[in-house]
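To start, the structure under review is shown below, and the notes come after it.
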Amino acid sequence: MDKIIITVVGKDTVGIIAKVCTYLAETGVNILDISQTIVQDYFNMMMIADIAGSTKPFEELSGGLEKIGQEIGVRIKCQREEIFTRMHRI
């Protein structure tokens, strides 16, 4: 498995999850775990996904997610799991 961590943060609007998940499905990315919350009007989602079967390299996938975020008014960040783990180690 080649895991990535995807975070989505911003003002809540209709279709955020649908747009992100549709893009991932179209590129062959398997969502392993997903958690989302809405606090007042702010949306926060964290996903763990497997990109082993992706039709796009990580950099292109990450750029595509950032572009979707710009289009829908949220910030989408994508990191490889090993980088995320190292950054958040105590």
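We use all heavy atoms of the structure for the numbers below, so side chains are in, but hydrogens, waters and symmetry mates are not. A quick note: this is a predicted structure, and the numbers were derived from the prediction, not measured.
Thr27 places no side-chain N or O within donor-acceptor distance of the main-chain N or O of Lys56, the cut-off being under 3.5 Å.
The CD atom of Gln79 lies 15.5 Å from the NZ atom of Lys3; values are rounded to the nearest 0.5 Å. Rounded to the nearest 0.5 angstrom, Lys77 NZ and Glu66 CD are separated by 9.0 Å.
Linking ILVMFWY residues whenever their side-chain heavy atoms come closer than 4.5 Å, directly or via other members, leaves Ile5 and Leu65 in distinct clusters. Cluster membership for Val8 and Leu61, using ILVMFWY side-chain heavy atoms within less than 4.5 angstrom, is shared. Each of Ile76 and Leu32 belongs to its own hydrophobic cluster when Ile, Leu, Val, Met, Phe, Trp and Tyr are linked at side-chain heavy-atom distances under 4.5 angstrom.
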Sequence neighbours left out, cut at 3.5 Å: what donor-acceptor pairs do the side chains of residues 38-53 make with other protein atoms?
| residue | atom | partner | partner atom | Å |
| --- | --- | --- | --- | --- |
| Asp50 | OD1 | Asp2 | N | 3.1 |
| Asp50 | OD1 | Ala52 | N | 2.9 |

Check: residues 9-26 side-chain donor-acceptor pairs under 3.5 Å, at least two apart:
| residue | atom | partner | partner atom | Å |
| --- | --- | --- | --- | --- |
| Thr22 | OG1 | Ala18 | O | 2.7 |

